[in-house]
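Each remark here refers to the structure printed beneath this line.
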Amino acid sequence: MAHINLENELPGIRGLMAYRPETEAPLNALAEILLRDDNNTLSRGERELIGAYVSYLNDCFFCQNVHGAMAQHYYQSDMPFIDSIKKDFRCRKSFGINSIFRPSCHC
Amino acid sequence: MAHINVPEGVPGIRSLVMFRPETGKHLYELAQVLLRGESTLSEAERELIAAHVSSRNDCFFCMSSHAAAARCLYGEEDALIVDEVLHNPATAPVSDKLKALLNIAGKVQILGKEVTPNDVAAAKAEGATDREIHDTVLISAAFCMFNRYVDGLASFTPPDPETYVEMGKRMAAGYKLPNQQ
């Protein structure tokens, strides 16, 4: 249960946003520009992957799974692929040649 | 020097939002709503939470600028409250409610999951409302983002404390996206 009474049953950040629409607006607008705007040389998949990876490092179950699922959708991959990146993005096995993540290990 | 080619001589987050106003716009809007919007916490108290989190994140630019804004908002007579909170919130001359909120802010700075039901109950026992607890957590989380943004790109951090006095006065008036150079 949430620490405060959000007066709704929505999961994760959606519950927080519904509780406080004044802060929801800039937060949603920021996510939209950073993660989805197509005027960007990073793909949507790459940006969602960065979101999922940082959420994984922050041990945030909700965010790493939501953004991991978005990355999985954009990459048209399976979840083990996303999980392998979260665990070690340097692993060559995880990536295609055009990835922005430069593989540095030799496994 | 900053890690990327941002406007030279412009300090901290200002240089970054001038480099990328599309994201800067929403970042400033968020700061404006959280720190200047309608709230039962005073603007000075909210700036204090921001400065406290920035201090814990070792972000000299954000700590100095938001401490300056808080001093400005507290007024000359009470300006030293800010320095006492930065030194040790537990012994600072602020209300027990604000101490409990600063404790939650400090937990958020470590990791969201560090905030325990006891931390929240302690704040509620001192009269903190759900909305005040919500905003405290969001201010803290947002400043973890701002701090990492500013230092992750090594934006220009003026070393002279005097620089921040003027900055604090400007910030006290509100957060508005700077004009492009």
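Every chain is numbered from 1, with letters handed out A, B, ... down the list of sequences.
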Check the hydrophobic clustering (I, L, V, M, F, W, Y; side-chain heavy atoms under 4.5 Å; chains of links allowed) and say if Tyr74(A) and Leu42(A) are grouped together. no
Honestly, the part of Ile133(B) sitting under 4.5 Å from a heavy atom of chain A is side chain
Can you measure from NE2 (His134(B)) to CG (Asn5(A)) and round to the nearest 0.5 angstrom? 12.5 Å
Are Ile13(A) and Leu35(A) co-members of a hydrophobic cluster defined by side-chain heavy atoms under 4.5 Å apart? yes
Is Met1(B) reachable from Phe61(B) through a run of I, L, V, M, F, W or Y residues, each pair having side-chain heavy atoms under 4.5 Å apart? no
Do the side chains of Arg20(A) and Asp135(B) get nearer than 4.5 Å, heavy atoms only? yes
Can you tell me how far the CG atom of Leu30(A) sits from the CE atom of Met145(B), to the nearest 0.5 Å? 5.5 Å
Part of Thr129(B) lying under 4.5 Å from any heavy atom of chain A: neither
Once you round to the nearest 0.5 Å, how far does CG of Leu27(A) lie from CD of Glu29(B)? 10.5 Å
Identify which part of Val115(B) has an atom lying under 4.5 Å from any heavy atom of chain A, answering side chain, backbone, both or neither. both
Rounded distance [0.5 Å steps], NZ in Lys113(B) versus CG in Asn58(A): 9.5 Å
Cluster overlap Leu73(B) with Leu101(B), hydrophobic side-chain contacts below 4.5 Å: no
Just verifying a value: how many Å separate Asp37(A) CG and Glu22(B) CD, rounded to the nearest 0.5 Å? 7.5 Å
Enter the distance from His3(A):NE2 to Lys124(B):NZ here, rounded to the nearest 0.5 Å. 9.0 Å
